[in-house]
Each structure stands twice: as structure tokens, then as C-alpha cells.
Amino acid sequence: MTQRIIIHADLDYFYAQCEEIVRPELRGKPIVVCVYSGRTAESGVVSTSNYEAREYGVKAGIPIAYAKKMLTSVQATFLPMNMTLYEGVSSRIMNMLRTYGDSFERVSIDEAYLDISNLAERNFDKAKGIAIQVKQEILQKEQVTCSVGVAPNKLLAKMASDYKKPNGLTILQQGDVTKFFERLPVNRIPGVGKKVDEKLNEIHVRTIDELARVGPVCLIDKFGKNLGNYLFQASRGEDNDPVKDKEQPTQLSRIATLKQNSRDPQEILPLLNKLARSVLEKLNEEKMECKSVSLIVILTDLSIHTKSVTLESPTKEFETIAESTNTLLERFIESVPNAVIRRVGIRLSGLQRRTGQTDIVTFLQA
DNA sequence: CCCTCGATCAC
DNA sequence: CCTCATATCGAGGG
């Protein structure tokens, strides 16, 4: 295949930026979008913050209480998540982006890849023009800024969009890779998080150019076939993963925090049923059914446990889901005598499109 | 090959 | 003080 040209677009500080759009008077001041757990009035974590808040160290994942302390000296706004708002803005932008590429891949609410190889006629100057146009259209139609990377594959496009933000545009061609990777920390490679980073540090690899000097056998030995090969290729800026339309999800989950810790199934059931209704609503919207049901349990020590069952036949029924998770919960509590539960969740997997077809029992009865 | 489960990532 | 959702992998058991 000839050389591809891929765009990665990343909507800047997305939830907080959406809030700036609907509350323009807040622009220029710190905004913190929060996930409130409902435990106490203030408990929860920061989902996203705008750059004014980040200057004070307020970023995604930190407890809301920490964020409040960091922002005591300034006038800051703390807002609960408004997913309906963000979904609306996102879907309008994604539908716009979809019209550009030969293929399109939405990777999250605020990120997408476009393959513009043909549109740009395999020419990076044209590709840059398209990227500028994309940024402009998103800004004009939705007042949203984004950071864009243009590169010969998804890996480099993502690393490029990450390089300059907010409101960045970075073109990265294969010939620039050596220079770009020089002294760049390995954790800038997508897929290299805390654990992989630590393991690489063990073999004294801190930067991507250092990683490129490690042999494939060594990497496969340390990280397994899949991740080992990925790291080897990534260190050279190579990636053949195609931009693929992901039409349907393969799993759906819902998780929530208990008002108070408990190991009494009766206290937990109402929340579990609520989660079942919620995740089933989504399953219905997607016109799908599921083959497996998992219970997710997070204990007071924050350890995560999952228990699952595979059903005899795919289901979309509340009774089936609720009964499964209830049984799994009782069984889990029984099997771990000291477990005190903080949060519970439900995951539906083995998802498949609902066929219009009637099930076999109904068919035989007809 | 399928199932279950924990781990990891990144959001 | 500690959210929520998705995908993927590898190990272990069958």
C-alpha cells in the first residue's frame, strides 16, 4: 500500500470547553467539571478542567476536595457533568468530521481519526490545508477548539495531536520521526502507562530513542508477544492499524458508589437494579442483546473484583440481567467473608445485534 | 476454542 | 480522598 495520511483530532479540555460555550461569562476563569459520587456533598473527582484551572494543578482524576483547596485564592466554578450537553456537541462535530475522510473512527467522545489519504492526494501540503479547514469548521460551527495531528499512521497522528495543545496543529512525517522521538519520554507512546513505564525503567529505558535500541526479542520476552511487538514498532514510528469505523460497542457498563459501605445484599440490591435498568436502556437504544453479564465490585480498599456468567441464549430482558447480578452478588459476598463493598457495577458483554428474528422457542411453537 | 478473571490503559 | 466507561490482553482452566 502507498503511504497513508491520517488525521487525529482531539477536542480541547472538552467538557469544560462545552461549559464555556453555554456560560460565556465564565471564560478566562477556572472551571472544574466534576463527577460527584453522591457520598457526601463534596465527594468525587475532577473529570476535566479548563487551562485556567490547570495552572493551579487542577486536572482530571484528582479529588474534588483537593481541587477546592488548590483554588481557594481565586474565583473558580465547580460544575457537575452534563453529559447530554457534551454528547450533543460531540455528535454534531463527529458527523461533520465523518464527511471529510475516506474512513472515520470515533475513539471517544472527544477524539477521532480520519484517513484522508485520497482526499489529500497523498500530499502532506494538501493534508495540512485539510487539517486547517477541519479546525476552522469546528470552531465556526461549534465554537470548539481542537488539537490536530497529521501523520502517516494513527500512532504518529495521535502523538502529533498530543504534542501541541490546546488549539494545536502538528504535521509529522516519517522523515521527522527520529528527531521527534529524541529524548521524548516513553510514556508519550499510547499504551505506555504507569506499569509499562516502570517495567521499561527497570531496563533503563526512559526515552523513545532508547527504546528503539532494544531488540524485539528482549521486548517480547518482557512484555509478551503482542505488547512487545507493538513497542518495537512504535519506537520506530510504525503502525499499520487501519482507521476503522466502529459501528457498535462490544460491551456496556454502569457503575456507581453506595451511599454507605455495606456487605448486606439487601442494602445493595436497589442500586444494582437501578444500574441494570440504566444499562438495559442503553442496550435497547443500541438495538442489541448480550450473552454475558458481569458484576463489578469495588471494596473499601479500592480493590476491583469481577464475576460473570454466560447465558444460555442472548438476552435483552431486565429480569434475566437483574437475576444474574443478584446471584453473583450474593455468591461473591458469601465467598469473601471480609469484603466490605464501596461501589458496584454491571457490565454486559458478548453484545450482538438484535436480529428481527423470533427466538427458537417461539419459532417451534408457531 | 470458549469461558472467567484480573490487569492495564486512558478517559 | 479515591468516578466512570470501553477495549484489550494474558493466564489459567476446561
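The chains referred to below are lettered A, B, ... by the order of the sequence lines, with proteins before strands, and numbering in each begins at 1.
- Residue order along DNA chain B, read from the 5' end via each residue's closest nucleotide, puts A/T306 first among A/G193 and A/T306.
- Partner of A/D10 under the salt bridge (charged side-chain N to carboxylate O under 4.0 Å, His left out) criterion, chosen from A/K135, A/K164, A/K165: A/K165.
- With the nearest nucleotide of DNA chain C identified for both A/Y66 and A/A256, A/Y66 has the one nearer the 5' end.
- Looking at every heavy atom in both residues, A/A234 comes nearest to A/I189 through CB-CG2, 4.0 Å.
- Remark: A/S37 is not in phosphate contact with C/dT3, judged by side-chain N or O atoms under 4.0 Å from OP1 or OP2.
- Residue contacts shown for A/I109 are absent, as no nucleic acid heavy atom lies under 4.0 Å away.
- At the heavy-atom level, A/V192 lies under 4.0 Å from the strands shown only through sugar-phosphate atoms.
- Taking the centre of each ring, A/Y230 and A/F223 stay at or above the 6.0 Å mark.
- When the side-chain nitrogen and oxygen atoms of A/R343 are compared with OP1 and OP2 of C/dC4, one or more of them lie within a distance under 4.0 Å.
- Checking the phosphate oxygens (OP1, OP2) of C/dC4, a side-chain nitrogen or oxygen of A/T257 falls inside 4.0 Å.
- Heavy atoms of A/T48 sit nowhere under 4.0 angstrom from any nucleic acid atom.
- Judged by a 6.0 Å distance limit and a 45° cone about the ring axis, A/K307 is not positioned over the six-membered ring of A/F332.
- Within 4.0 Å of A/K69, counting heavy atoms only, lies no atom of the nucleic acid at all.
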